[in-house]
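Read through the structure below, which is laid out as structure tokens, and then see the notes.
Quick note: residue numbers are just sequence positions, from 1. All figures in this text were calculated on a predicted structure; none of them were measured in a lab.
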Amino acid sequence: MARPVLAVTLGDPVGIGPEITARTLAAVAGEPDHHGVAVGDAEALRRGVRAAGVEAEVREVADFSAEPAGPGVIDVLDTGVLGADLPDWGTVDGRAGRAAVTAIETATRAAMAGEVAGIVTGPINKEAIWEAGSKHLGHTEMLGELTSVTRQDTMFVVRNTAVAGHHLRIFFTTRHVALRKALDQLTAERVRNSIDEALTALRVFGTERPRLAVAAVNPHGGENGAFGDEEIEHIAPACEAARADGLDVSGPVPADSVFHQGLTGRYDGVLSHFHDQGHIPAKTYDFDGTISVTVGLPILRTSVDHGTAFDIAGSGRADHATMLSAYRAAVDYSPYAPTIRATYG
């Protein structure tokens, strides 16, 4: 697309999603090289505009082909689930969950049809979507079903690194499982598959010759088995097999140094092995600038990596910095949409 159109879902309409969407789309309205369209209940977005104190008009559009109106106007494709009957701020509500799910479904269909270059998703509440009948743990699993993909992965992108122009991508061998289960799932085959998936994603998103570091899980990389044998039995063999195939893979690298090395430009990506191993360094280093990209889908999807913040929803205190970063990343990555579809479609 000469001017990419991005679908921005509101997330849970009684969380902070409507506020941060309002602030984000108001901030970028009028920029000539992209067009962001909110997807969700128009009244929920209007309530978010009021709560956030944004000086902007909410304009309902019939489809994603509408020409942007310019500064001071936020476009929304109204899904019409709630109408004017909005649940209270900050409550787990099945109706809000249904509205969140409908927005995701609408945006995903548009991306699959090529009507938008990608989607940017606001935060949802798992209990609310479960009350609405969803069986999914969250966005990633739902998007997998909607796009008929059985394997998706999370790629964290830390955009504000110590080296100008260098973005560090963080990948995960396991995701939403208990730490004990994550260690049980750590096999040489799984690590090797994750290496290949991470390198593929790095290439898809523009790194021609990616350099990947694979983290260790035990202190000091296990100290030759003194502190654990996962490195000896699983991680090192996977790394050695990848190097034997001519891939630029380092590891296992002790986790207390590998992320610093990546942030200072030594690596393009780091493969972590469980949820917090990758989340903690990224969010500590740059909480607002770190965004999530789902890889393995035939569509571009970026996201905030925080929750619905029910405790402050409607107060006007929600910070939209992460949503804005996710939106900017989607604009930057939109030229790769055809490659994403060709690789994962």
Do [X] side-chain atoms and [Y] backbone N/O form a donor-acceptor pair below 3.5 Å?
X    : Y    : answer
Y267 : F259 : no
D286 : G289 : yes
E131 : G94  : yes
S134 : H136 : yes
T161 : H166 : yes
T174 : H273 : yes
D245 : L247 : no
T343 : I340 : no
Q185 : R180 : no
E141 : G138 : yes

Review point. Is there a side-chain contact (heavy atoms from CB on, under 4.5 Å) between L45 and L10 once you walk through the steps?
Key: CA-CA 8 Å; L45 180 58; L10 295 187; 4.0 Å; yes

Practice item. Kindly write out the residues that satisfy side chain to side chain contact (heavy atoms under 4.5 Å, CB included) with A128, not counting sequence neighbours, or none if the list is empty. Key: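 Applying side chain to side chain contact (heavy atoms under 4.5 Å, CB included) to A128 gives D12, V92, N125.
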
Which distance, rounded to the nearest 0.5 Å, do you find between the [atom1] of [X] and the [atom2] of [Y]?
X    : Y    : atom1 : atom2 : result
L212 : I195 : CG    : CD1   : 6.5 Å
L300 : R341 : CG    : CZ    : 11.0 Å
T140 : R175 : OG1   : CZ    : 4.5 Å
H34  : S334 : NE2   : OG    : 9.5 Å
T308 : W89  : OG1   : CH2   : 11.5 Å
K283 : H306 : NZ    : NE2   : 9.5 Å

Practice item. Would you sort out whether V49 and V58 count as a side-chain contact (heavy atoms from CB on, under 4.5 Å), showing the intermediate values? Key: CA-CA 8 Å; V49 166; V58 173; 3.8 Å; yes

Does the side chain of [Y] come within less than 4.5 Å of [X]'s, by heavy atoms?
X    : Y    : value
V120 : T9   : no
R203 : T207 : no
I291 : F156 : no
I129 : M142 : yes
L143 : Q152 : no
V37  : V76  : no
Y344 : T147 : no
L86  : R47  : yes

Honestly curious: do [X] and [Y] fall in one hydrophobic cluster under the side-chain, below-4.5 Å linking rule?
X    : Y    : answer
L271 : V204 : yes
V191 : V295 : yes
V270 : M155 : no
F171 : L199 : yes
V304 : L324 : yes

Point to revise | Of V101, I104, D41, the residue whose pairing with T79 passes side chain to side chain contact (heavy atoms under 4.5 Å, CB included) | key: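 Of all the options given, the one that passes is D41.
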
Review point. Just wondering, are more than 12 heavy atoms of other shown residues or ligands nearer than 6.0 Å to CG in D311?
Key: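 Yes, because the 6.0 Å sphere around CG of D311 holds more than 12 heavy atoms from other groups.
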
Review point. If you draw a 6.0 Å radius around CD in E189, do more than 12 non-hydrogen atoms from other residues or ligands fall strictly inside?
Key: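 Not buried by this count: 12 neighbours or fewer within 6.0 Å.
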
Review point. For the residue pair F205 and H167, is the inter-centroid distance of their aromatic rings smaller than 6.0 Å?
Key: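 No, ring centres 6.0 Å or more apart.
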
**Study point:** Ring centers of F274, F172 separated by less than 6.0 Å
**Key:**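 That pair fails the under 6.0 Å test.
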
Looking at [X] and [Y], what are the two nearest heavy atoms and their distance?
X    : Y    : value
E60  : A42  : OE2-CB, 3.7 Å
T154 : S292 : CG2-OG, 3.5 Å
A132 : G97  : CB-C, 3.8 Å
A215 : Q277 : CB-NE2, 3.9 Å
P18  : P13  : CG-O, 3.5 Å
P123 : I20  : CD-CD1, 4.1 Å

Practice item. Take T121 and R301, measure what side chain to side chain donor-acceptor pair (under 3.5 Å) needs, and give me the verdict at the end. Key: CA-CA 7 Å; T121 56; R301 180 254 178 159; 2.9 Å; yes

Exercise for review: Return the orientation label for the F227 and H220 ring planes: parallel under 30°, perpendicular over 60°, tilted otherwise.
Suggested key: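 Answer is tilted, since the angle falls between 30° and 60°.
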
Review point. Which residues satisfy the salt bridge (Lys or Arg N to Asp or Glu O under 4.0 Å) test with D78, sequence neighbours excluded?
Key: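 D78 satisfies salt bridge (Lys or Arg N to Asp or Glu O under 4.0 Å) with no residue once adjacent residues are dropped.
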
Review point. Going through the checks in order, is the side-chain contact (heavy atoms from CB on, under 4.5 Å) test met by E105 and L146?
Key: CA-CA 7 Å; E105 292 171 343; L146 291 169; 4.0 Å; yes

So, are [X] and [Y] salt-bridged, with charged N and O less than 4.0 Å apart?
X    : Y    : answer
R211 : D268 : yes
R159 : D332 : yes
R3   : E67  : yes

Practice item. List the steps, then state whether salt bridge (charged side-chain N to carboxylate O under 4.0 Å, His left out) holds for R190 with E197. Key: CA-CA 10 Å; R190 185 163 189 157; E197 289 164 357; over 6 Å; no

Point to revise | Test log, rule side-chain contact (heavy atoms from CB on, under 4.5 Å), inputs E43 and L82 | key: CA-CA 8 Å; E43 286 305 314; L82 298 172; over 6 Å; no

Point to revise | side chain to side chain donor-acceptor pair (under 3.5 Å) between T91 and D93, intermediate numbers included | key: CA-CA 6 Å; T91 57; D93 191 298; 4.8 Å; no

Point to revise | Donor + acceptor pair across side chains of E231, H234 (<3.5 Å) | key: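 Result is no, nothing qualifies.
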
Exercise for review: Would you check, one step at a time, whether the test side chain to side chain donor-acceptor pair (under 3.5 Å) holds for H35 with D75?
Suggested key: CA-CA 9 Å; H35 181 203; D75 286 339; 2.8 Å; yes

Practice item. Output all residues satisfying ring pair (Phe, Tyr, Trp, His ring centres under 6.0 Å) with H275, sequence neighbours left out; order by chain, then residue number. Key: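 So H275 forms a ring pair (Phe, Tyr, Trp, His ring centres under 6.0 Å) with H176, H279.
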
